[in-house]
Amino acid sequence: MALKTLSTFFTPLPLQNPKSRTLILFQFPKSRSPKARLSAEPDGTGAAAPSPGERFLEHHHAAEAAKLIVKENKKNKVKKNNEKPLKASRNVASCYGCGAPLHTSDEEAPGYVNLETYELKKKHRQLRTVLCRRCRLLSHGKMITAVGGHGGYNGGKLFVTAEELREKLSHLRHEKALVVKLVDIVDFNGSFLSRVRDLAGANPIILVVTKIDLLPRDTDLNCVGDWIVEAITRKKLNVLSVHLTSSKSLVGITGVISEIQKEKKGRDVYILGSANVGKSAFINALLKTMAVNDPVAASAQKYKPIQSAVPGTTLGPIPINAFLGGGKLYDTPGVHLHHRQTAVVHSEDLPSLAPQSRLRGQSFPSFQVRSDNVEEGSSKMNGLNAFSIFWGGLVRIDVLKVLPETSLTFYGPKSLPIHVVPTEEAEEFYQKELGVLLTPPSGKENVENWRGLDSERKLQIKFEDVARPACDVAISGLGWFSVDPISRSFKISESNQTETAGEMELLLSVHVPKPVEIFVRPPIPVGKAGAEWYHYRDLTEKEEAIRPKWYF
């Protein structure tokens, strides 16, 4: 007799020989010819043709069910041989919060629902309204990881690998769809998905930049929009348009909806992006805005994808009926990138990496740091040279050679403390204060399992204009710091600017955990000062024609 906990997935299939235990999977019926369908069904009757995304989900859910069958049959080898084999069902319902197939077999696994609730919902044909146990815990602030394979954290019991999640998007490149690609403005380089064409294929792409409300006050979004388009141009990624948005304040969402309605043309719409880029929050904002004029979107608001700080909240494609004119909206599993800090820290520390309020640059101007090399009766200023800056326990910057007036300004989560110590004392300070002053990692167990800052990259930074920052150094999954050769509080005469710029280059050494990537990029123009020093590049007519337009 089959386990009761699997009755929700499978139905018994009689065999001629009851002593044999053979796994028989469900065989999908072959499609009939158009002529046969016409003769079998009168005009105006019959089910609507499934979309490519729906067909993929049917195969995906059947495959997931088949895996569970194999697992259970292996467990039951020692049981009686006259038990009937199990058949995988084609119509396995999934949790509307995370997309995991519903089951009643493993309480700790995503998609679990207790048997009584499942049977009741199944009886009333309400399985599409069921939220699994893990999603309920996530919605109450619990940090339950279900994806592993890249990070240094163990993540508890790993149910799916990052490669398996990526595989669930493999069909997209072969379908005709509209792709909405999301990028986090705080982690622009780390969340960009540079190989997005491997997933999206030749499908048209709308680029949505999220969390724009986190940029410092007085930021000129005209400058930021131009900076983003310049970055896309350098990456040679052809997109239809760029939209600066905030899922929290709903800024820019209306423009995205207009672009989707214009370019959708009856196709399915897939929301694509890296893990924790804000896909579920964006979809909720999209539905909330659309619900004002669209009854279909209004009804879809009741069962929305779950939002949390855990990478891998969404574990399968979630179809949403959001459009009157046909086609579905799909929330997809986030693409897990091993080079981000979120793949390294323990799950308990993940919320500390997500900024919750508007960024404020934390500057370390050189005039506040003086060397111990003091001459008699006077203080000789040496700036940040021979000092090390710790950004929590995740980043260490050794200042090898800079101008005495150089300052570093950090943009990232406010919960990460920043400490400056002499470089000769840096190693001892790190070992002593890790998990105490330098967090994350936090907690005794997390500190003991911490891999340390075992990757070093030396940066040789040249600059030509002392009136603007030399560059940004972006730490994947965390934020960035700008390198300003001349601190804003330090006045320099125009006659000395060219001479100062030609004197030297800046040398920094940045230490991070080994998988984490460091990006050196042109400075992003944030704050009031950004609008003052940012220069718009002159474009040719050809460049003007092919560059995507940006909207806010």
Side-chain angles (χ1 to χ4, degrees), residues 52-53 56 99 147 149-150 161-212 225 227-245 247 252 256 259-260 263-265 267-283 286 311-318 329-340 342-343 474 476-477 515 517 519 521 546-551:
F56 169 78
V147 180
H150 283 310
T161 66
E163 289 78 10
E164 288 173 329
L165 278 186
R166 193 180 183 98
E167 183 64 25
K168 293 181 180 181
L169 300 173
S170 60
H171 75 290
L172 182 55
R173 63 182 302 172
H174 304 296
E175 306 289 353
K176 290 184 178 180
L178 177 63
V179 175
V180 179
K181 175 188 174 181
L182 268 58
V183 181
D184 185 348
I185 189 63
V186 180
D187 185 28
F188 184 83
N189 298 82
S191 65
F192 194 83
L193 294 183
S194 58
R195 298 178 61 187
V196 66
R197 283 297 177 192
D198 291 347
L199 297 172
N203 289 311
I205 296 175
I206 298 173
L207 184 68
V208 174
V209 182
T210 62
K211 306 178 185 179
I212 207 73
W227 182 89
I228 292 171
V229 173
E230 280 289 314
I232 296 171
T233 303
R234 285 191 295 271
K235 292 177 180 292
K236 298 181 180 180
L237 180 65
N238 186 24
V239 300
L240 298 176
S241 59
V242 178
H243 299 262
L244 309 186
T245 68
S247 300
V256 180
E259 188 73 4
I260 289 176
E263 301 292 342
K264 185 168 69 69
K265 300 174 183 177
R267 296 173 292 192
D268 291 334
V269 179
Y270 286 80
I271 310 300
L272 196 65
S274 62
N276 274 53
V277 77
K279 294 186 301 300
S280 297
F282 172 75
I283 288 176
L286 210 65
T313 299
T314 302
L315 297 174
I318 302 176
L329 178 69
Y330 282 88
D331 188 8
T332 63
V335 179
H336 287 251
L337 305 174
H338 69 284
H339 59 71
R340 303 180 75 196
T342 50
S476 183
E517 196 162 344
F519 301 93
R521 70 188 189 192
I546 63 175
R547 274 169 59 105
K549 305 297 181 184
W550 70 269
Y551 302 92

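Source: prediction; values computed, not measured.
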Mutual orientation of the aromatic rings belonging to Tyr270 and His171 [parallel < 30°, tilted 30-60°, perpendicular > 60°]: perpendicular
Side-chain heavy atoms of Leu178 within contact of Leu240, under 4.5 Å: yes
Pairwise side-chain contact, Arg340 with Ser274, heavy-atom cut-off 4.5 Å (strictly under): yes
Side chain proximity check, Leu337 to Thr342, heavy atoms < 4.5 angstrom: no
Reported CG-to-CD1 distance for the pair Leu207 and Ile232, which is rounded to 0.5 angstrom: 4.5 Å
Which atom of Ala177 lies closest to which atom of Pro204, heavy atoms considered: O-CD, 3.5 Å
Partner of Ile212 by side-chain contact (heavy atoms from CB on, under 4.5 Å), out of Val186, Ile185, Thr245: Ile185
Under the side chain to side chain donor-acceptor pair (under 3.5 Å) test, residues paired with Glu230 that sit two or more places apart: Arg537, Arg547
Main-chain N/O of Val239 paired with Lys181 side-chain donor or acceptor, under 3.5 Å: no
Distance-minimising heavy-atom pair for Leu169 and Pro333: CD1-O, 3.8 Å
Flag, side chain of Thr210 to backbone of Gly278, donor-acceptor distance under 3.5 Å: no
Value rounded to 0.5 Å, distance of CG in Leu272 from OG1 in Thr332: 5.0 Å
Within-4.5 Å side-chain heavy-atom neighbours: Ile228 and Phe188: yes
Residue pair Leu329 / Ile260, side-chain heavy-atom distance below 4.5 Å: no
Sub-4.5 Å side-chain heavy-atom contact between Ser476 and Asn189: no
Asp268 side chain near Glu175 side chain, heavy-atom distance below 4.5 Å: no
Pairing residues for Lys279 by the side chain to side chain donor-acceptor pair (under 3.5 Å) criterion, not counting sequence neighbours: none
Short side-chain to backbone donor-acceptor contact, Asp331 and Ile318, under 3.5 Å: no
4.5 Å side-chain heavy-atom contact, Leu182 and Val180: yes
Any donor-acceptor N/O pair, Ser241 side chain to Lys549 backbone, under 3.5 Å: no
Separation between CZ of Arg197 and CZ of Arg173, rounded to the nearest 0.5 Å: 10.5 Å
Tyr551 and His243 aromatic ring geometry - parallel, tilted or perpendicular at 30°/60° bounds: parallel
